[in-house]
Amino acid sequence: MAGTTEQPTTRTRSWWGWGWADAHPDDAECTAMGALLPGTLSRPLPVPRVRDLGIGSPAVEPPESLARLVTSDPADRAAHAMGKAYRDVVRALHGRPGRIPDLVARPVDEQGVADLLDWSGDRQVAVVPYGGGSSVVGGVEYRGDAHRAVMSLDLTAMGRVLEVDAEGRAARIQAGTLGPSLEDQLRPHGLTLRHFPQSFEFSTLGGWLATRAGGHYATGRTHIDDFVQSMRVVTPAGTSASWRLPASGAGPSPDRLFLGSEGALGVITEAWVRLQERPRHKASAAVAFTGFHDALRAVRAIAQSDLAPANCRLLDAGEAALSGAARDGSAVLVLGFESADEPVTARLERAVGLARSYGGRYDGADRPAGAPAGGGDGSGAGGGDGAAGAGGGDAAVRAWRSAFLRMPYLRDGLARMGAVAETFETAATWDRIPGLIDAVRTEVGAAALKATGHPGMVNCRLTHVYPDGAAPYFTVLAAGRAGDEVALWDDLKAVAGEVLHRHRATITHHHAVGRDHRPGYDLQRPEPFALALRAAKGALDPRGILNPGVLVD
């Protein structure tokens with residue numbers, strides 16, 4: 001059964017920063033935020049304008065047969081030049097976005113993708129696949145000058161749910177379908193993909209698949225890998241179409257070759273994905289801890305139980321204060337449960353009991369001991385807001401949810417004040433987690449102080465938990481160096497990468513590799529696998545046009 005795409009919105013996406021242009025902090029809010037960090041600017045940098053970039057004519061023109069799919073409009077090209085990382089925002093603020101694509105192509109079907117790849121190969125045009133453009137690791141930009149021209153291949157015109165198999169709870173969906181549209185098209189069937197990354201509103205199914213994205217459910221099926229039945233991928237060497245199966249032991253999985261390939265091996269055009277019934281029962285709570293390491297032990301116990309919380313997000317004291325979940329120096333564990341067919345209150349009570357056995361404080365009211373009262377509307381997740389399991393009446397949960405959704409916009413406001421405000425994430429086994437978190441806080445904080453002369457803030461939260469480990473997510477706030485913010489962040493990120501490597505923690509848990517994580521990825525992957533990946537790249541993309549510089553050279 002075919003679906004329909006969502007109606008166009010009248011809101012405008014920000015070409016230089018996160019999300020909607022009308023949702024960014026104004027100058028007064030930026031100034032107020034900057035005043036909280038020593039060493040920032042006295043007033044915010046101006047919002048950048050496309051016309052100030054001096055974008056020239058494209059180096060190539062498409063043939064008449066493809067002209068209807070391609071534009072060289074300067075604003076469109078600027079909006080496709082970068083992703084949405086801190087370093088991207090800062091480069092745009094200073095009018096230095098890097099190599100701007102010559103063309104932006106929007107194919108409407110698989111044949112259009114194939115035709116564009118054929119033409120690009122003949123003309124030595126680099127092709128950078130582009131979904132919603134929310135990459136924070138340099139995954140959708142071109143760096144270097146090895147190609148005659150660059151084309152951004154925007155898949156969002158391919159945004160339909162093509163079939164729904166209600167009996168098998170699965171759907172065939174085009175890769176350019178944005179998160180809200182995907183859920184809107186599934187809703188009449190009472191089904192959901194239940195994949196809600198923070199970028200949900202501004203990212204696509206194809207982007208999730210190409211980056212092995214993680215959703216915001218802390219346990220169980222959370223990575224997009226868990227939902228894939230089959231995929232169609234157009235490569236310069238032909239189209240790969242795997243069978244739709246519930247499982248298979250027939251050799252290495254063809255889907256696994258393209259999951260996480262970041263557009264370097266082919267262009268994902270559609271996939272069959274597993275669906276679930278929409279949740280009807282939700283409950284949440286927040287538990288405060290005086291000691292962060294006690295909270296870590298509580299989270300491990302919950303992760304190793306059979307409770308399977310939708311949300312099990314641990315905020316350290318700094319993260320809890322920033323979000324408003326607690327302001328007394330406590331760490332806060334945000335718990336959420338949901339189910340389509342049975343009440344979840346008993347499971348929540350058992351999880352809270354486990355947390356209390358490790359020193360957690362919960363008074364049974366609508367907040368943990370030490371958390372602020374009031375605020376929020378109590379609306380829950382599961383409908384696509386990215387705040388998994390956040391239903392119920394807990395004030396601290398509502399405070400966290402509101403801050404979580406607003407945070408990327410505030411980061412851009414701080415960038416306008418010359419501050420460093422960025423995140424990075426990882427995953428490691430439980431035996432390494434405490435030492436890893438302590439080392440990151442200490443060493444990245446020291447590097448920020450040395451580089452700027454002002455103390456920085458390094459906060460941590462756990463976003464995903466497993467029986468054998470967890471995924472820490474770090475926020476870094478520091479004074480910048482006027483005009484040199486990108487280099488400063490690159491230096492801090494290099495220190496963080498060294499700590500992760502020393503503790504055998506992955507360079508990325510769910511943000512992907514892109515170009516920014518290549519040094520860490522090259523160190524992490526086994527060399528025989530690197531040889532196989534290079535061979536796959538050479539076989540599928542012999543002219544080297546697909547997202548050059550990502551994963552392999």
Quiz item: Yes or no on ring pair (Phe, Tyr, Trp, His ring centres under 6.0 Å) for His24 and Tyr409, after CA distance, side-chain angles and deciding distance?
Solution: CA-CA 5 Å; His24 280 262; Tyr409 293 102; 5.4 Å; yes
Quiz item: Tyr130 and His80: aromatic ring centres closer than 6.0 Å?
Solution: yes
Self-check item: Arg411 NZ/CZ over Tyr86 ring centroid, <6.0 Å and within 45° of normal
Solution: no
Practice problem: Could you tell me whether a side-chain N or O of Glu485 sits under 3.5 Å from a main-chain N or O of Ala479, the two making a donor and an acceptor? | Solution: no
Practice problem: May I ask you to say whether Asp52 pairs ionically with Arg49, meaning some side-chain N is under 4.0 Å from a carboxylate O? | Solution: yes
Quiz item: Are Thr426 and Ile507 side-chain neighbours, meaning at least one heavy-atom pair lies under 4.5 Å?
Solution: no
Quiz prompt | Side chain Asn547, main chain Gly139, donor-acceptor under 3.5 Å | solution = yes
Quiz item: How far apart are the closest heavy atoms of Leu182 and Val161, and which atoms are they?
Solution: O-CG2, 4.3 Å
Quiz prompt | Pairwise distance CZ(Arg87) to CZ(Arg96) - rounded to 0.5 angstrom | solution = 11.0 Å
Quiz item: Pick from Lys84, Arg91, Arg515: which one makes a salt bridge (charged side-chain N to carboxylate O under 4.0 Å, His left out) with Glu141?
Solution: Arg91
Practice problem: Starting at OG1 of Thr12, measure out to CH2 of Trp20 and round the result to the nearest 0.5 Å. | Solution: 8.0 Å
Practice problem: Considering non-hydrogen atoms only, spot the tightest contact between Ile173 and Thr177 and give its length. | Solution: CG2-OG1, 3.5 Å
Practice problem: Identify the heavy atoms of Leu53 and Ala78 that sit nearest to each other, and give their distance. | Solution: CD1-CB, 4.0 Å
Exercise. State whether a side-chain donor-acceptor pair under 3.5 Å links Thr192 with Glu183.
Key: yes
Practice problem: Output yes when a side-chain donor or acceptor of Asp154 lies under 3.5 Å from a complementary backbone atom of Ala105, and no otherwise. | Solution: no
Quiz item: Do Ser261 side-chain atoms and Phe258 backbone N/O form a donor-acceptor pair below 3.5 Å?
Solution: yes
Quiz item: Taking side chain as C-beta onward, heavy atoms only, is Leu103 less than 4.5 Å from Ser152?
Solution: no
Self-check item: Test: Arg43 and Asp27 ion pair at under 4.0 Å
Solution: no
Exercise. Show your working on side-chain contact (heavy atoms from CB on, under 4.5 Å) between Leu546 and Val267 and close with a plain yes or no.
Key: CA-CA 9 Å; Leu546 284 174; Val267 179; 4.2 Å; yes
Practice problem: Report the relative orientation of the aromatic rings in Phe227 and His195; use parallel for angles under 30°, tilted for 30 to 60°, perpendicular for over 60°. | Solution: perpendicular
Quiz item: Side chains of Thr508 and Glu425: donor-acceptor distance under 3.5 Å anywhere?
Solution: yes
Quiz item: Any side-chain donor paired with an acceptor under 3.5 Å for Gln229 and Arg244?
Solution: yes
Quiz item: Can Glu443 and Arg502 be said to form a salt bridge (charged side-chain N to carboxylate O under 4.0 Å, His left out), step by step?
Solution: CA-CA 12 Å; Glu443 297 183 39; Arg502 192 169 73 240; 2.4 Å; yes
Exercise. Kindly indicate, with the supporting measurements, whether the criterion salt bridge (charged side-chain N to carboxylate O under 4.0 Å, His left out) is fulfilled by Glu29 and Arg416.
Key: CA-CA 11 Å; Glu29 189 176 358; Arg416 289 185 62 200; over 6 Å; no
Quiz prompt | Side-chain donor-acceptor contact under 3.5 Å, His464 with Tyr217 | solution = no
Exercise. Could you please spell out the steps behind the side chain to side chain donor-acceptor pair (under 3.5 Å) verdict for Ser203 and Trp208?
Key: CA-CA 7 Å; Ser203 55; Trp208 303 338; 2.7 Å; yes
Practice problem: May I ask you to decide if Thr475's main-chain N or O and Thr423's side chain share a donor-acceptor pair within less than 3.5 Å? | Solution: no
Quiz item: Taking atom types as modelled, is there a side-chain donor on Asp76 or Thr71 under 3.5 Å from an acceptor on the other?
Solution: no
Quiz item: Does the distance from a Lys or Arg side-chain N to an Asp or Glu carboxylate O, for Asp122 and Arg543, drop under 4.0 Å?
Solution: yes
Quiz prompt | Side chain Thr452, main chain Ala448, donor-acceptor under 3.5 Å | solution = yes
Quiz item: Between Leu462 and Arg313, does a side-chain contact (heavy atoms from CB on, under 4.5 Å) hold up when you go through it step by step?
Solution: CA-CA 5 Å; Leu462 299 188; Arg313 190 170 301 245; over 6 Å; no
Self-check item: Value rounded to 0.5 Å, distance of CD in Glu270 from CG in Leu162
Solution: 5.5 Å
Practice problem: For the pair His511 and Tyr473, name the ring-plane relationship: parallel under 30°, tilted 30 to 60°, perpendicular over 60°. | Solution: perpendicular
Self-check item: Salt bridge present between Asp553 and Arg518 (N-O < 4.0 angstrom)
Solution: yes
Exercise. Would you name the heavy atoms of Met158 and Glu110 that are closest together and state the gap between them?
Key: CE-N, 3.9 Å
Quiz item: Relative to the ring of His223, is the ring of His509 parallel (under 30°), tilted (30 to 60°) or perpendicular (over 60°)?
Solution: perpendicular
Quiz item: CE of Met417 to CG of Asp412: how many Å apart, nearest 0.5 Å?
Solution: 14.0 Å
Quiz item: Judged by atom type as modelled, is there a donor-acceptor pair below 3.5 Å linking the side chain of Thr40 to the main-chain atoms of Gly34?
Solution: yes
Quiz item: Side-chain contact, heavy-atom cut-off 4.5 Å: Leu322 with Leu477?
Solution: yes
Self-check item: Shortest non-hydrogen separation from Gln174 to Gly159 and the atoms involved
Solution: OE1-N, 3.3 Å
Self-check item: Main-chain N/O of Met231 paired with Ser242 side-chain donor or acceptor, under 3.5 Å
Solution: yes
Quiz item: Counting only N and O atoms by type, is there a donor-acceptor contact under 3.5 Å from the side chain of Asp88 to the main-chain atoms of Ala85?
Solution: yes
Quiz item: Could you state the interatomic distance from CG (Leu551) to NE2 (His517), rounded to the nearest 0.5 Å?
Solution: 12.5 Å
Practice problem: Of all the heavy-atom pairs spanning Ala92 and Trp16, show the shortest one and how long it is. | Solution: CB-CB, 3.7 Å
Quiz item: CG of Leu533 to CG of Leu265: how many Å apart, nearest 0.5 Å?
Solution: 6.0 Å
Exercise. Could you tell me whether the side chain of Lys537 and the main chain of Gly544 form a donor-acceptor pair under 3.5 Å?
Key: no
Practice problem: For the pair Phe202 and Trp18, name the ring-plane relationship: parallel under 30°, tilted 30 to 60°, perpendicular over 60°. | Solution: perpendicular
